[in-house]
Amino acid sequence: CTIDKGEVINPTCDVTFDEINEINGKIRKDLVSLVHTDFFKYFRLHLYKQCPFWNQNNGFCVNRACAVDVVEDWDSLPEYWQPEVLGGLQENETISDEESVKEDCKFLDDLCANNKKQRMIEPDIEYCDINDLHGEGSVLVDLTANPERFTGYGGQESSQIWSSIYGENCFSQGETGQSLAKDAFYRLVSGLHASIGTHLSNDHLNTETGKWGPDLDLFMARVGNFPDRVSNMYFNYAVVSKALWKIKPYLDHLKFCDSYDPSVKATIMNILSQLDSKVFNENLIFEGELSSKLKDDFRIRFKNVTQIMDCVHCDRCRMWGKVQTTGYATSLKILFELDESNENSKQHVVDKLTKYELIALFNTFDRLSKSIESVNNFEKMYNVRLEGG
Ligand code: FAD
């Protein structure tokens, strides 16, 4: 790959590939342990929604690798998450038997929920439908039990999804500042695509040996031979890490089930304190007179990308697609919708992040972090091969 690792990633990121590798090396261990904690590993989502854009009856992924293991055995959850224990947690509130029968895992929405009482949605600042993540019809999944890896999903079905996602990057003509916004949108999508390609190459099933492991040729064909794709993954890392850097001063009110496990917040702080603000300059993206219209357009188009996830035919791919597009949507909200001149409003937006947005945000960062680690491992494998090792 012909990337100069001492170069900055693009005009909006005043950081080099090497610097990102270095940051990633410092936080990787903490991030892995964070996404394995009870708060961050259980995600709720509507996994089986009708595709809103076209009839997706064709194309099913029937491989075992495409499936998602949903949590149905409540006894497997941590003891302090059991409904009877939680029944005693809420002041002035109880979960009636009737309710708990009707909706088995509803209590999990309330557990360590941030701002449970004021779930007023402000539609004009959302980059995804946050209602999509909880409520009736949603399922509970343990993300760590359903790793993102090769599933065999492909062919015309997945191509159709990718081309409709790229098709969203079609902004109205003649807007000032359009090109940076358009470029950022494309990079976000391509970086997500490259990150998925990296995971499926890194955790690939060798059908001859039956073993899972990295496949260098596949990685090169999907990602490694395209420096722009690698660069877009680093761009996404910069975007998400800047969003995390930005919320650091406002995390005091947020709960991560840290009353049960105080190490969670300490781990988060360890990670965030390694991040750098210069990694991404969000203020450049929508500069210019018509910026607010352009930003709205950007937001609506990104929301469409999150909804296209309902059309993905492979359950496992759809689940990780939803987690990651929600993580990006949350990052974009933090980067573009905080009023810089008003501390209270910044605190207010952060206070209103739901637990599922937070889970998605940190898991998306972990996915990118894993991709960066894998890119570096693939580079080593490539060099060994070149040297004839
Ligand atoms: P595709 O990856 O389908 O790409 C289509 C075309 O897009 C390529 O021909 C190329 O021209 C262009 N392209 C490819 N990569 C990029 C990029 N980074 N930037 C710009 N353009 C690009 N498969 C799994 O095995 N595991 C998963 O977890 C998984 N998750 C998925 C999640 C989603 C939301 C989607 C839509 C697909 C997922 N897939 C997953 C399928 C996977 O992404 C590929 O679509 C599939 O492996 C077929 O790959 P392909 O080589 O035919 O090209």
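One-based numbering, in listed order, for ligands and for the atoms of each.
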Heavy-atom donor-acceptor pair, R229 side chain to V223 backbone, under 3.5 Å: no
If the criterion is any heavy atom closer than 4.0 Å to an atom of ligand 1, which residues make the list? E148, R149, F150, T151, G152, Y153, G154, S158, I161, W162, Y166, Y186, S190, H193, A194, I196, L200, R222, R229, M309, V312, C317
Do the ring planes of H193 and W162 sit parallel (below 30°), tilted (30 to 60°) or perpendicular (above 60°)? parallel
Hey, are K303 and E168 close enough for a salt bridge, meaning a charged N less than 4.0 Å from a carboxylate O? no
Check disulfide bond (SG atoms under 2.5 Å apart) between C317 and all other residues, then give those that pass, not counting sequence neighbours. C314
So which pairs with a foot in residues 26-37 pass salt bridge (Lys or Arg N to Asp or Glu O under 4.0 Å), sequence neighbours left out? E22-K26, R28-D366, R28-E373
Mind checking side chain to side chain contact (heavy atoms under 4.5 Å, CB included) for S159 and listing every partner two or more places apart, or none if nothing turns up? none
